[in-house]
Each structure stands twice: as structure tokens, then as C-alpha cells.
There are 2 protein chains.
Amino acid sequence: MEFNLDNIDLAILEKMQANARISNADLARELSMAPSAILERVKKLEQKDVIRRYTTAINPAAIQQKLLAFIFLRSSEGFTCCSDTAAQLAAIPEVQEVHHIAGEDCYLVKVRTTDASSLMSLMRSKMQKIPNIASTKTTIVLETVKEQPDLVIPKT
Amino acid sequence: MEFNLDNIDLAILEKMQANARISNADLARELSMAPSAILERVKKLEQKDVIRRYTTAINPAAIQQKLLAFIFLRSSEGFTCCSDTAAQLAAIPEVQEVHHIAGEDCYLVKVRTTDASSLMSLMRSKMQKIPNIASTKTTIVLETVKEQPDLVIPKT
DNA sequence: ACTGAAAGTGGCGGACA
DNA sequence: TGTCCGCCACTTTCAGT
């Protein structure tokens, strides 16, 4: 698909990535354009799926989500089942990310829970029930140094 | 630190996590409270660092960021150097996440670039210059099934 | 595509319960 | 704290260029 973004679009994305709650008027001022013109561009970026959503980054510690783990899942079957297995993993709310990866391990999953025991009960109650999972390898995060979903916006 | 969030705070977080650009008036309506009361709570959540930031999720494909990789970095030294090594990794804009992990591998890094060759040049130009990196193991993502930073908000 | 004007609405400060 | 009120600023639409 072609998105065809010009410099103004990229500038909008950069500002809104840094602060999703910036007012349309402020955005227009900073880019020296009329508010209505900016509004029109933002709407188009939304409908073209360039802008996926606006979200609030919450401090995980504030709501007792202290444990972060990455789990490598090995699938026992070929390609037919994979999409279904992935969908079931993705349906778990505590699962933030599901990636199909190259190499022997089939999936990489990012999970957030309150503590180690709740992770274990999650794996027992939900993950073990998903068919075709041959093995799991869990990596516990001791400390997160950086965690920002920001993309590098190309200049010009 | 104590955050002491009540049900209303949690409801605010849930709504704002789903849509950071919701108007304060809409938020107040959905929670059946006065707009100014909600505004005051939101400000406090921001200053208590419960709300970290408001950000826009951009489609990576729209700005030619098609490659996603996870890199396991093994550090050759003990604890003294680690924080500095991590800081240098975190300073790289293409690096979205840096986690200190349990096990033999010291760090897990999430990186986004345009393609495989740009990842290689990034590793050569920036990562290899960071001292105390003994080895790296790179995992390429073939397909991302789910990628949402949403936290599970506890009910009540 | 961008500008500019016009009408409706929300943001935000103050006084009060 | 939460509510009510009032002014100003912002959003949003529409016609024009």
C-alpha cells in the first residue's frame, strides 16, 4: 500500500507521537498553517491507518503490574495451525505482544502480570490450554531501562 | 511509593488508555461526574507519574519501518558497567526497549529499522562501539500478530 | 489542498457548599 | 472534594479561492 506522506504529514506525526493530546490549534500554530487544514490532514491520516490510535502510557507500578516477561513458545505443528495459536495468545489481555519469529522458536510473547505467581497461574490456566504448544522458555525482566513505542520519523 | 488509586481513578485510566484524545467533558459524562472534578483527578494522575504520557500509535509500515528485531546482548563485565551500557543502548533512537533480564544474557533490546541492511549498519555503527558487549543474538520478527501497550486495569 | 468566518462546545479558573 | 458559573479558546463545518 502507498501512504504518500509529505513533510507536513511527517511533522504532524512527530508532534502527535510526542503528545497525543496537543490541541489542533497548537499544532496548526507550530506548523504555521490554518487549523482546518491540519484537521483535515489528521483525519486522513486516521482513515488511512497511518495513525492507529491515541493511547495513554500508564505507569505499570501504579496498578501493581510489576512483572514483565518474554516467553518463547515453540509450536509443534506446521503453518495451518499457527494463525489460530497466535490468535488465542493474542486474546489474553495480559499479553501485550505476539510476534511470529524466525528461527526454531515459533512465537515471542510479551506478558505483564502483578507478580511471578500470577504469571504462573496465567500460563497454567490459559496458555497450557492452547493446542500445539510444544514448549515454552520464559525470560523474566529484572529492570526496564527504556520502554518507548516511539518510531523514528524520517526527516524530509 | 503509594499511589492510592480508587475506582474512579482506575476508570479514568481505562478510558484514557483506550483513547487519549477523549475530551474531559466526555470523560465526565461517561463517569457521571462534573468535568472539573475529573480534570483535577487527571492532573493529579499526571503529576503522580501514574500517567506517563499521551502518545500516538503510528503504523510502522507507513514510514518504512518494516523490520522489527529483538537482540539479546551479553555483557562481559559485572554490575559497575551495566548501567552505563544500558544507557548507551537506550540513547539509540531506533531502540524502543532495553530490559535487563535474568539469565545468562544481560540485556534484551527491541529495535525497529527500515530493513535488514539498515539494522546491520545500525549495529555496526552504534552498538559495536559500546564497550563490554561480549556477544549478540538477534531474533527477527516475521510477522506481528499483536502489539498493544495496554495494561490490564484491575476492576474495583 | 488551504484559507477564513461563524456557530457551537469544551476548557479552565473562581466562588461556594 | 465536588459543583456551579462565566469567559475565553478551541473545534468543526462550510463557502470560497
Side-chain angles (χ1 to χ4, degrees), chain A residues 1-59 61-64 150-151 153-156, chain B residues 1-65 150-151 153-156:
Chain A
M1 194 195 227
E2 267 309 314
F3 293 101
N4 272 335
L5 307 180
D6 63 13
N7 294 352
I8 300 171
D9 290 323
L10 293 175
I12 290 172
L13 291 177
E14 190 164 34
K15 301 276 187 194
M16 298 199 79
Q17 179 172 250
N19 176 20
R21 279 178 77 81
I22 187 173
S23 78
N24 190 58
D26 281 346
L27 202 49
R29 263 190 293 273
E30 293 186 27
L31 301 180
S32 306
M33 294 183 85
S36 51
I38 297 296
L39 186 66
E40 193 179 354
R41 281 174 175 268
V42 171
K43 292 252 159 111
K44 280 186 185 166
L45 290 171
E46 289 170 358
Q47 90 183 34
K48 280 196 289 185
D49 196 40
V50 174
I51 291 178
R52 286 252 162 91
R53 63 188 295 219
Y54 306 101
T55 192
T56 299
I58 297 167
N59 186 345
I63 53 174
Q64 280 80 45
D150 292 33
L151 302 180
I153 308 287
K155 325 168 189 64
T156 77
Chain B
M1 191 196 231
E2 268 309 314
F3 293 101
N4 272 337
L5 307 180
D6 63 13
N7 294 353
I8 299 171
D9 290 324
L10 294 175
I12 291 172
L13 292 177
E14 190 165 34
K15 300 278 187 194
M16 298 198 79
Q17 178 171 250
N19 176 21
R21 281 179 75 81
I22 187 173
S23 78
N24 191 58
D26 282 346
L27 201 49
R29 262 190 292 273
E30 294 187 25
L31 301 179
S32 306
M33 293 184 85
S36 52
I38 297 295
L39 185 66
E40 192 179 356
R41 282 173 175 269
V42 170
K43 293 249 158 118
K44 281 187 183 166
L45 290 171
E46 288 170 358
Q47 89 183 34
K48 280 195 290 185
D49 196 41
V50 174
I51 290 177
R52 288 252 161 90
R53 66 188 292 222
Y54 306 101
T55 192
T56 298
I58 297 168
N59 186 345
I63 54 174
Q64 281 79 45
Q65 302 250 19
D150 293 32
L151 302 180
I153 310 287
K155 326 170 188 63
T156 78

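Numbered from 1 within each chain, the chains take letters A, B, ... in sequence-line order.
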Could you state the [atom1]-[atom2] distance from [X] to [N], rounded to the nearest angstrom?
X: A/L27; N: D/dT12; atom1: CG; atom2: C1'; result: 15 Å
X: B/I8; N: D/dT1; atom1: CD1; atom2: C1'; result: 10 Å
X: A/L31; N: C/dT3; atom1: CG; atom2: C1'; result: 16 Å
X: A/E46; N: D/dT11; atom1: CD; atom2: P; result: 13 Å
X: B/L45; N: D/dT1; atom1: CG; atom2: C1'; result: 15 Å
X: A/I38; N: D/dT11; atom1: CD1; atom2: P; result: 11 Å
X: B/K44; N: D/dT1; atom1: NZ; atom2: C1'; result: 8 Å
X: B/R41; N: D/dT1; atom1: CZ; atom2: C1'; result: 8 Å

Is [Y] close to [X] at the side-chain level, that is, under 4.5 Å between some pair of heavy atoms?
X: B/M16; Y: A/Y54; result: no
X: B/P60; Y: A/R52; result: yes
X: A/R53; Y: B/D150; result: yes
X: A/L5; Y: A/L45; result: yes
X: B/D6; Y: B/L10; result: no
X: B/M33; Y: B/I8; result: yes
X: B/N7; Y: B/K155; result: no
X: B/Q64; Y: A/F3; result: no

Below 3.5 Å is the cut-off: list the nitrogen or oxygen pairs between protein and nucleotides 15-17 of chain D, distance only.
none

salt_bridge(B/R21, B/D26) N-O dist < 4.0 Å: no

N-O pairing of A/D9 and A/K48 below 4.0 Å: no

Under 4.0 Å protein heavy-atom contacts per nucleotide of nucleotides 4-17 of chain C, with B for base, S for backbone only and - for none: B-----SSS-----

Angle between terminal axes - the helix from C/dA1-D/dT17 to C/dA17-D/dT1, 5 pairs each end, rounded to 10°: 30°

Minimum-distance pair of heavy atoms, taken over all atoms of B/I63 and A/P154: CB-CD, 4.1 Å

